[in-house]
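Starting from 1, each residue takes its place in the sequence as its number. Only heavy atoms go into these numbers, but all of them, side chains included; no hydrogens, no water, no symmetry mates.
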Amino acid sequence: MEFLDITDNYLKFFDILPEDWQEVIGPIWLEYSKTASIYALMDGGVIVAGGILFRSSPPNRTNFEIEKGALYVSKGYHYIGFLFVHPEHRNKALGSRWLKILKTEFPNQGFWLTIEEDALKTFYLKNEFVCVSESTDTENPEWMFVYEPVKPISKDFINL
């Protein structure tokens, strides 16, 4: 399995997304493509999982994301959006694999994201993300998760 930047072949990724996700990202992608990249796990040339890494503010932000995400945008953290595992390839830990490779490819990078489904909390906690905020909107709940890169131990500390 390969982890590839498929930003230039974005339609191939969009085709596997649910229709409502395509309606969100499709019309604005060309604008965001200047500061975002699509990474996919490929198996024999087929996308089995993928997501978009936004190096600036993500599209269609809610008030919760604008308010709570401002800190992470200012710190230079990248936003993970549209993380998706093709339905035929679920229950194989591919979402976790995608995140692990992403963190390996960008070892000093912090990441943030929001979710709207309570069931996803366990997935992100398992993948070293921390829930840093929860919206107060009971009609449309959201949770913000952050991944902090592991800081290397200082040589001065080792030599003590």
> How long is the gap from NE2 on His78 to CG on Leu113, to the nearest 0.5 Å?
Replying inline: 14.0 Å
> Would Leu71 and Val73 count as a side chain to side chain contact (heavy atoms under 4.5 Å, CB included) if you check the C-alpha gap in whole Å, the side-chain angles of each, and the deciding distance to 0.1 Å?
Replying inline: CA-CA 6 Å; Leu71 171 65; Val73 170; over 6 Å; no
> Which heavy atom of Pro59 sits nearest a heavy atom of Tyr32, and at what distance?
Replying inline: CA-OH, 3.3 Å
>> I need the minimum non-hydrogen distance between Asn127 and Phe123, along with the two atoms involved.
In response: ND2-O, 2.8 Å
>> Starting from Met1, can I reach Leu83 by hopping between I/L/V/M/F/W/Y residues whose side chains sit under 4.5 Å apart?
In response: yes
>> Please tell me whether Ile66 and Met144 are part of a single hydrophobic cluster in this structure, the criterion being side-chain heavy atoms less than 4.5 Å apart.
In response: no
>> So, using side chain to side chain contact (heavy atoms under 4.5 Å, CB included) as the criterion, who are the partners of Pro107 when residues are at least two apart?
In response: none
>> Does either side chain, that of Glu148 or that of Tyr77, offer a donor lying less than 3.5 Å from an acceptor on the other one?
In response: yes
>> Can you confirm whether or not the ring centre of Tyr124 sits under 6.0 Å from the ring centre of Phe129?
In response: yes
> Can you pull the salt bridge (charged side-chain N to carboxylate O under 4.0 Å, His left out) pairs that have at least one residue in residues 121-145, sequence neighbours excluded?
Replying inline: Lys103-Glu128, Asp118-Lys121
>> Under the salt bridge (charged side-chain N to carboxylate O under 4.0 Å, His left out) definition, can you give me all pairs with a residue in residues 60-84, not counting sequence neighbours?
In response: none
>> Please check this pair: side chain of Ser96 against backbone of Ala93, looking for a donor-acceptor N/O pair closer than 3.5 Å.
In response: no
> Would you say Trp143's side chain and Glu117's backbone share a donor-acceptor pair under 3.5 angstrom?
Replying inline: no
>> If you apply the rule side chain to side chain contact (heavy atoms under 4.5 Å, CB included), what do you find for Leu102 with Phe111, and how did you get there?
In response: CA-CA 10 Å; Leu102 184 74; Phe111 301 102; 3.9 Å; yes
Please report, to 0.1 Å, the donor-acceptor pairs under 3.5 Å made by any side chain of residues 15-31, with sequence neighbours excluded.
residue, atom, partner, partner atom, Å
Gln22, NE2, Phe14, O, 3.1
Gln22, NE2, Leu17, O, 2.7

>> Suppose we screen for ring-ring contact (aromatic ring centres under 6.0 Å, His included). Which residues come up paired with Phe64, at least two apart in sequence or across chains?
In response: none
> Who pairs with Asp5 by side-chain hydrogen bond (donor to acceptor under 3.5 Å, both in side chains), at least two apart in sequence or on another chain?
Replying inline: Thr7
>> Which residues pass the side-chain hydrogen bond (donor to acceptor under 3.5 Å, both in side chains) test with Glu116, not counting sequence neighbours?
In response: none
> Going through the distances and angles, do Thr62 and Thr114 end up as a side chain to side chain contact (heavy atoms under 4.5 Å, CB included)?
Replying inline: CA-CA 10 Å; Thr62 62; Thr114 55; over 6 Å; no
>> Set out, in order, the CA-CA distance, both residues' side-chain angles and the distance that settles side chain to side chain contact (heavy atoms under 4.5 Å, CB included) for Phe145 and Ile115, then state yes or no.
In response: CA-CA 8 Å; Phe145 283 80; Ile115 59 170; 3.5 Å; yes
Would you tabulate the side-chain donor-acceptor contacts of residues 45-58 under 3.5 Å, counting partners in other chains and residues two or more places apart, or write 'none'?
residue, atom, partner, partner atom, Å
Arg55, NH1, Ser37, OG, 2.9
Ser56, OG, Thr35, OG1, 3.0

